[in-house]
Enquirer: 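Quick one: the structure is below, questions incoming.
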Amino acid sequence: MSSLSAPFLSPPAASTRRGWRRVTAAPITSAPAEVAVEEARLEARVEEREGYWVVKEKFREGINPQEKVKIEKEPMKLFMENGIEELSKLSMEEIDASKLTKDDVDVRLKWLGLFHRRKHQYGRFMMRLKLPNGVTTSEQTRYLASVIRKYGKDGCADVTTRQNWQIRGVVLGDVPEILKGLAGVGLTSLQSGMDNVRNPVGNPLAGIDPEEIVDTRPYNNLLSQFITGNSLGNPAFTNLPRKWNVCVIGSHDLYEHPHINDLAYMPATKNGRMGFNVLVGGFFSAKRCAEAVPLDAWVPEEDVVPLCGAVLEAYRDLGTRGNRQKCRMMWLIDELGLEGFRAEVVKRMPRQELERASPEDLVKKEWERRDYYGVHPQKQEGLSFVGVHIPVGRVQADEMDELARLADEYGTGELRLTVEQNIIIPNIQNSRLEALVKEPLFDKFSLEPPILMKGLVACTGNQFCGQAIIETKARALKVTEEVQQRVTVSRPVRMHWTGCPNTCGQVQVADIGFMGCMARDENKKPVEGVDVFLGGRIGSDSHLGDVYKKAVPCKDLVPLVVDILVQHFGAVPREREEEEEE
């Protein structure tokens, strides 16, 4: 791994040929077909000006409002030119008096990981970090706890579905000091929102898993350093058409959910060399969800970062910037055809070369996904890790401090976050396990949660998020608790809740998904409801779920979920179970 580095890549000069070019495309569900691509379509839509990338004037017609906000003022200047210092001194009344500063607060600050909760917490912000591979330290955890503690009931933290921390309650005047504090403990929130690359995801058991294929931590660390310019800012990748997700796969379990990422690295060898096959284009949105497709490409491990740069540059240069619902990278792949998109990636590789995919895929297709809750042996003799269930990912300051204490006292001061919104404490001496499992914190954060709680995931919901239609976290827990009282389930069932069609809760990959909407009750009055999804799968046979029933009032969910569990997942009603036992 010492040969890996994170060079900053520049695309080769664009072709000046006119007319049309024919490329062979590989549509997702059909045999390769010939697609004609106008040569003019392959001209980059952006150019570099004074160190930042902007949309060229001739491509500005029909761009969306968010693109206009970026053109009016470069968001990264708030960080790279310290604009946050002056902005943080203004009152919210002063900020709202000017469109420029109002857009700073509501839009541009997202480049610094700050999301104004204008609708539900006016003047307060959620702050999203960058935590590559979900690895954090006790020192970092204590610092985050200290930040949210000062905000009282408005302050809390969430584990996200990208192995990340989000902290809540932040006020603008504190931001410069918080940014310095983050840097002091080796953290950043830079480039974590809006049209940027989100947190790189990897195996939460990386480096300790007896069954791991490859340790994903070095790759994700390099990717994060490359994308953020070592946390100093990298404008080459801060003006993407939309958000963009990346993951590196290290386990047969596919904990990383490769099929819903814009770029996924799948471990594979080729002629004795370690490397990765490549998937591209996976995403969720309000109007469309698509699984990632093979790019027919393989890179050696030293080219993980250059390939990421080439894919990002192709997307940045050529992606559309009109309707926000049609700006994700898969729309560009559809337009160019898979081979056409691949050709654009090749042009942006350092040597303009990209090998075809390897048949030596290292991920086992037949593999039962392992449960990481409770105590499990590590690959290191005499050590174990402990998987901790964090109900719907929500923690308070005192609980974060306690997690940090346990990591220090029993482990090596390290914590791992998972995409299911839970936490793993690694590197525990086996001789200390008996004492650890008796710690009072595990009365709330169970090491062996009830079977239906194990796979429960929920987005922020309308408690804090202005886009959410319904409350999710408390409701997810309440519905699950009531369902557990009515049925016995013999195997885990993954249930995901999301407050709106943006599907941050990833309902389409769940066994049962709940997407917030407005519904009507028996009196035709509008009430909070959900569209229910069924049949999502993760792993090598991944599949996105379909709508099972639309606009179900939330108050009617428990009997419906009970019926689904009985009909589709072999659950037994507790009344019948008790009768059989008599």
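In what follows, residues are counted from 1 in the order of the sequence shown. A quick note: this is a predicted structure, and the numbers were derived from the prediction, not measured.
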Enquirer: What I'd like to find out is whether the side chain of Val375 reaches to under 4.5 Å of the side chain of Val437, using heavy atoms alone.
Expert: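 Contact flag for Val375/Val437 side chains = yes.
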Enquirer: Write down the atom of Pro132, the atom of Asn221, and the distance for their closest heavy-atom approach.
Expert: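 So the minimum-distance heavy-atom pair works out to CG-OD1, 3.6 Å.
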Enquirer: Measure the spacing between CG of Asp401 and CG of Leu441 and express it to the nearest 0.5 Å.
Expert: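 Output value for this atom pair is 11.0 Å.
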Enquirer: What's the separation between atom CE in Met329 and atom CG in Asp262, rounded to the nearest 0.5 Å?
Expert: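 Between Met329 CE and Asp262 CG, I get 5.0 Å after rounding to 0.5 Å.
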Enquirer: By the definition side-chain contact (heavy atoms from CB on, under 4.5 Å), identify the one residue from Val507, Val392, Val530 that meets it with Trp497.
Expert: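 Among the candidates, only Val530 passes.
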Enquirer: Report yes or no: does Asn164 contribute a side-chain atom to a donor-acceptor pair with the main-chain N or O of Arg162 at less than 3.5 Å?
Expert: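 Flag not set: sc Asn164 to bb Arg162 has no pair under 3.5 Å.
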Enquirer: Mind running salt bridge (charged side-chain N to carboxylate O under 4.0 Å, His left out) on Glu439 and Arg405 for me, showing each step along the way?
Expert: CA-CA 11 Å; Glu439 286 283 350; Arg405 180 187 72 80; 2.7 Å; yes
Enquirer: Where does the angle between the aromatic ring planes of Tyr372 and Tyr255 fall among parallel (under 30°), tilted (30 to 60°) and perpendicular (over 60°)?
Expert: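 Ring orientation, 0 to 90° scale: perpendicular.
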Enquirer: Between Arg370, Arg369, Lys364, which is the residue that forms a side chain to side chain donor-acceptor pair (under 3.5 Å) with Asp253?
Expert: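 Among the candidates, only Arg370 passes.
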Enquirer: When you measure from the side chain of Glu74 to the backbone of Met76, do you find a donor-acceptor pair of N or O atoms at a distance under 3.5 Å?
Expert: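 Yes, because the side chain of Glu74 sits within donor-acceptor range (under 3.5 Å) of the backbone of Met76.
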Enquirer: How close do Met400 and Ala145 get, counting heavy atoms only, and between which atoms?
Expert: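 So the two residues come closest at CB-CB, 3.8 Å.
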Enquirer: Can Asp398 and Arg149 be counted as an ion pair, charged N to O under 4.0 angstrom?
Expert: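 Answer for the salt bridge query: yes.
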Enquirer: Under 3.5 Å, is there a donor-acceptor pair linking the side chains of Asn203 and Thr216?
Expert: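 Distance-only check fails for Asn203 and Thr216.
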Enquirer: Do any side-chain atoms of residues 165-178 form donor-acceptor pairs under 3.5 angstrom with protein atoms, and if so which ones, sequence neighbours left out?
Expert:
unit_1 : atom_1 : unit_2 : atom_2 : d
Gln166 : OE1    : Arg128 : NE     : 2.9
Gln166 : OE1    : Arg128 : NH2    : 3.2
Arg168 : NE     : Asp158 : OD2    : 2.8
Arg168 : NH2    : Asp158 : OD2    : 3.2
Arg168 : NH2    : Thr460 : OG1    : 2.6
Asp174 : OD2    : Lys150 : NZ     : 3.4
Asp174 : OD2    : Tyr151 : OH     : 2.6

Enquirer: Pair Gln191, Val197 - check side-chain contact (heavy atoms from CB on, under 4.5 Å), show working.
Expert: CA-CA 7 Å; Gln191 297 172 227; Val197 180; over 6 Å; no
Enquirer: If I compare all heavy atoms of Pro501 with all of Ile469, which pair ends up nearest, and what's the gap?
Expert: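 In terms of heavy atoms, the two residues are closest at CD-CD1, 4.1 Å.
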Enquirer: Do Phe276 and Val248 pass the side-chain contact (heavy atoms from CB on, under 4.5 Å) test, and can you show the C-alpha distance, the side-chain angles, and the key distance before you say yes or no?
Expert: CA-CA 9 Å; Phe276 298 87; Val248 183; 3.8 Å; yes
Enquirer: Below 4.5 Å, heavy atoms only, C-beta onward: do Leu112 and Phe125 meet side chain to side chain?
Expert: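 Result no, sub-4.5 Å side-chain heavy-atom pair not found.
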Enquirer: Do Ile260 and Asn245 touch side chain to side chain, with heavy atoms closer than 4.5 Å?
Expert: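 Side chain of Ile260 against side chain of Asn245, heavy atoms only: no contact under 4.5 Å found.
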Enquirer: Do Arg142 and Asp408 sit within salt-bridge range, that is, some charged N less than 4.0 Å from a carboxylate O?
Expert: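 Yes, this pair counts.
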Enquirer: Is Glu212 reaching over with its side chain to a backbone N or O of Ser251, donor-acceptor style, under 3.5 angstrom?
Expert: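 Here the side-chain-to-backbone pair does not exist.
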Enquirer: If you measure from OG on Ser224 to CG on Leu222, what distance do you get to the nearest 0.5 Å?
Expert: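 If I round to the nearest 0.5 Å, the distance is 9.5 Å.
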Enquirer: Given Phe237, which of Phe226, Trp244, Trp111 fulfils the ring pair (Phe, Tyr, Trp, His ring centres under 6.0 Å) condition?
Expert: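 In the set Phe226, Trp244, Trp111, the residue that makes a ring pair (Phe, Tyr, Trp, His ring centres under 6.0 Å) with Phe237 is Phe226.
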Enquirer: Looking at Pro258 and Leu279, what are the two nearest heavy atoms and their distance?
Expert: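 So the two residues come closest at CB-CD1, 4.3 Å.
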Enquirer: Should the pair Arg316 and Trp53 be classed as cation-pi, given the thresholds of under 6.0 Å to the six-membered ring centre and 45° from the axis?
Expert: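 Geometry flag: set, cation within 6.0 Å and 45°.
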Enquirer: Could you tell me which non-hydrogen atom of Pro391 sits nearest to which non-hydrogen atom of Leu477, and how far apart they are?
Expert: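 Scanning both residues completely, I find the closest heavy atoms to be CB-CD2, 3.9 Å.
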Enquirer: Can we say Glu481 and Lys478 salt-bridge, meaning some charged N sits less than 4.0 Å from an Asp/Glu carboxylate O?
Expert: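 Between Lys478 and Glu481 there is no salt bridge, as every charged N stays at least 4.0 Å from the carboxylate O atoms.
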Enquirer: Would the distance check show the side chain of Asn422 and the main-chain N or O of His389 forming a donor-acceptor pair, the cut-off being under 3.5 Å?
Expert: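 Not a single qualifying donor-acceptor pair exists.
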Enquirer: Please give me the minimum heavy-atom distance between Leu403 and Leu415, naming the atom from each residue.
Expert: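 For Leu403 versus Leu415, the nearest heavy atoms are O-CD2, 4.0 Å.
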Enquirer: Within the 4.5 Å heavy-atom criterion, are Arg494 and Glu420 side-chain neighbours or not?
Expert: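 No, every pair of side-chain atoms sits at 4.5 Å or beyond.
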Enquirer: Which is it for Thr188 and Leu182 under the side-chain contact (heavy atoms from CB on, under 4.5 Å) test, yes or no, and what are the steps along the way?
Expert: CA-CA 6 Å; Thr188 185; Leu182 290 175; 5.9 Å; no
Enquirer: Could you tell me whether the side chain of Asp371 and the main chain of Tyr373 form a donor-acceptor pair under 3.5 Å?
Expert: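 Judged by distance alone, yes, a pair lies under 3.5 Å.
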Enquirer: Any donor and acceptor pair, going by atom type alone, linking the side chain of Lys243 with main-chain N or O of Arg198 inside 3.5 Å?
Expert: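 Side chain of Lys243 to backbone of Arg198: no pair is present.
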Enquirer: Within the distance-only criterion (no hydrogens, no angle test), does the side chain of Asn199 pair as donor or acceptor with the backbone N or O of Leu131 below 3.5 angstrom?
Expert: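 Yes.
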Enquirer: Do the non-hydrogen side-chain atoms of Leu109 and Leu87 ever get within less than 4.5 Å of each other?
Expert: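 Leu109 reaches Leu87 side chain to side chain.
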Enquirer: Do Asp195 and Lys70 come within less than 4.5 Å of each other through their side chains, counting heavy atoms only?
Expert: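 Heavy-atom side-chain distance check passes, below 4.5 Å.
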Enquirer: Out of curiosity, Ile470 CD1 to Phe514 CZ, how far, rounded to the nearest 0.5 Å?
Expert: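 One gets 9.5 Å once the value is rounded to the nearest 0.5 Å.
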Enquirer: Nearest 0.5 Å, please: how far is CG in Asp104 from NE2 in His116?
Expert: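 Taking NE2 in His116 and CG in Asp104, the distance rounds to 12.5 Å.
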Enquirer: Judged by modelled atom types alone, do Gln378 and Asn427 share a side-chain donor-acceptor pair under 3.5 Å?
Expert: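 Yes - a donor-acceptor pair under 3.5 Å links their side chains.
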Enquirer: I'd like to know if the side chain of Glu211 and the backbone of His252 have a donor-acceptor N/O pair within less than 3.5 Å.
Expert: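 The answer is no, because no donor-acceptor pair under 3.5 Å joins these two groups.
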Enquirer: Any side-chain heavy-atom pair from Tyr265 and Leu307 closer than 4.5 angstrom?
Expert: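 Contact flag for Tyr265/Leu307 side chains = yes.
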Enquirer: Could you tell me the separation between the CD1 atom of Ile95 and the CG atom of Asp103, rounded to the nearest 0.5 Å?
Expert: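 Rounded to the nearest 0.5 Å, the CD1-CG separation comes to 12.0 Å.
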Enquirer: Is there a donor-acceptor contact under 3.5 Å from the side chain of Arg416 to the main chain of Pro204?
Expert: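 Yes, Arg416 side chain to Pro204 backbone: donor-acceptor pair under 3.5 Å.
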Enquirer: Is any side-chain heavy atom of Ser231 closer than 4.5 Å to a side-chain heavy atom of Leu190?
Expert: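 The answer is no; the side chains never approach within 4.5 Å.
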Enquirer: Between Glu471 and Lys473 (side chain of the first, backbone of the second, donor and acceptor by atom type, cut-off under 3.5 Å), is there such a pair?
Expert: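 Present.
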Enquirer: Test Gln484 against Met453 for side-chain contact (heavy atoms from CB on, under 4.5 Å), laying out the working first.
Expert: CA-CA 9 Å; Gln484 286 178 156; Met453 288 292 182; 3.6 Å; yes
